[in-house]
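Here is the structure we will look at.
Every number for a ligand or one of its atoms is a count from 1 in the order of the listing.
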Amino acid sequence: MLFKRSDFPTDFQFGVATSAYQIEGHAFGGAGATHWDTFAATPGNVVRAEDGAQGCDHYHRYGEDFDLIAAAGLDCYRFSTSWARVMPEGRGTVNQEGLDYYDRLTDAMLERGIKPCATLYHWELPAPLADLGGWRNRDIAGWFGDFAEVIMGRIGDRMHSVAPINEPWCVSWLSHFLGHHAPGLRDIRATAHAMHHVLLAHGTAIERMRGMGLGNLGAIFNMEWADPVDDSPEARKAADTYDAYYNRFFLSGIFHKRYPDLVLEGLEPHMPTGWQDDFDTIAQPVDWCGVNYYTRKLIAPNDGPWPHHHEVDGPLPKTQMGWEIYPEGLYKFLKRTAAEYTGDLPLHITENGMANADVITDGAIHDTARIDYINQHLDAVRKAVADGVPVEGYFLWSLLDNYEWALGYEKRFGMVHVDFDTMKRTPKASFLALKDALGR
Ligand code: IFM
């Protein structure tokens, strides 16, 4: 790596991030069915119809995985709690086995000196709630608040930080407008409802957790830089619209108590009744803001229905996901988020990383592309810190190769290789390089 721990402020924290459905193995421990199980079981939705039933068998192997985190010298572990594991019906009955599991997980982190950073929801909606309309149903805010109280009632006393929802854009737009993720809808009214309800659920959970006396609560946004395909005003507006519904909508709801005009231009007729009255809940104060950053998009205008645009293939080097590598976007987002939304609030990069077609050669994995990617993005972080942006942490996505949702197990994001037949873990060159850089 081209950096050392000492190149960052003294309290800067390094961590690694994962999520429940992607690694745990949802077949174990009495977890209920989720909308990802049914989405994956429907032909055409997921590569090879793969699901999270086995994941990386982290459910049984978390001790070994936490040993790796500790060995790498990382300070924090960002994990998520599966709603369907804790409450298989989504409401009512609690699965004690699920609570016991997260209890053991928490203690296993603490025993190794790793700070537990929880995200309550990383996409595995209990199927019975999907039957009731899922994120389209306003009641989800209350159901989610109840789940927050149940899970944090058990492990909240030992959390370093908690965020309610991972990537509201993915929960709403990607899943209800583009249909790429469960529940696979392509409907503008469903999208408008989900976008608003995901924020209402976020605020409700923050309110409930504050009520329980929990602190260090945050919000996590995925951000994608949008550049116009050319210099025309039409292309500029197309890119600004993409930026508005992808990035600004969620930040603006939570930090400005309003939605951007460029989004309301398309979504206002489809918003749920009374949405304007929900901002006091949505904008519950948070203690930090998380930025998940991977890439940028080139956007071109078109004559189709709103949002009147489409993505264009860009010229930059790409990852295994086909995503352009654009570290400048991270720098620009850190600057802009602080300047326009969060001010002095601590920022954390809660996800950043790349998929790479990693193979084992003579027992080793030479993922130099990932090392370069991390170097370039941490350089962008250092630049932002030098400019006075209060960035306090960086979490690499991800610890392990895992279930990459609609793309199945093919895309490898881990700094530790997983053989999905044997579940054997093999640290890649990036793991060893990070360990070297962070060594205390
Ligand atoms: O794997 C996902 C994760 O679940 C959410 N953020 C982006 C990652 C890579 O696509």
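- Side-chain contact check for Tyr409 and Arg48: no donor-acceptor pair (N or O, by modelled atom type) lies under 3.5 Å.
- Remark: minimum distance from atom 6 (N) of ligand 1 to any protein heavy atom is reached at Glu351 OE1, 2.5 Å.
- Asn292 and Asn166 share a donor-acceptor pair across their side chains, judged by distance under 3.5 Å alone.
- Inclusion of Trp405 in the set of residues having an N or O under 3.5 Å from an N or O of ligand 1 is warranted.
- Nearest non-hydrogen protein atom to atom 1 (O) of ligand 1 is Glu404 OE1, 2.6 Å.
- The atoms of ligand 1 that sit less than 4.0 Å from any heavy atom of Glu167 are 5 (C), 6 (N), 7 (C).
- We find that Lys297 and Asp227 are not joined by a salt bridge, their nearest charged nitrogen and carboxylate oxygen being 4.0 Å or further apart.
- Residue Asn402 has no nitrogen or oxygen atom sitting less than 3.5 Å from a nitrogen or oxygen atom of ligand 1, judged on distance alone.
- Using a cutoff of 4.0 Å between basic side-chain nitrogens and carboxylate oxygens, Arg61 and Asp67 are not scored as salt-bridged.
- Checking only distances, Trp323 never comes within under 3.5 Å of ligand 1, N or O to N or O.
- Any N or O atom pair closer than 3.5 Å counts here, and His122 shares at least one such pair with ligand 1.
- Cation-pi geometry between Arg382 and Phe3 is not met: the NZ or CZ atom fails to fall both under 6.0 Å from the ring centre and inside 45° of the normal.
- When each atom of ligand 1 is checked for a heavy atom of Phe413 under 4.0 Å away, the hits are 9 (C), 10 (O).
- Within the 4.0 Å heavy-atom cutoff, Lys411 does not count among the residues contacting ligand 1.
- Put simply, the side chain of His197 gets close to the backbone of His193: a donor and an acceptor are under 3.5 Å apart.
- Between the side chains of Thr106 and Asp103, no donor-acceptor pair is found at a separation under 3.5 Å.
- Looking only at heavy atoms of the protein, atom 8 (C) of ligand 1 is closest to Tyr294 OH, 3.5 Å.
- Judged by the 6.0 Å and 45° rule, Arg296 forms a cation-pi pair with Tyr326.
- The shell of residues lying under 4.0 angstrom from ligand 1, judged by heavy atoms, includes Asn166.
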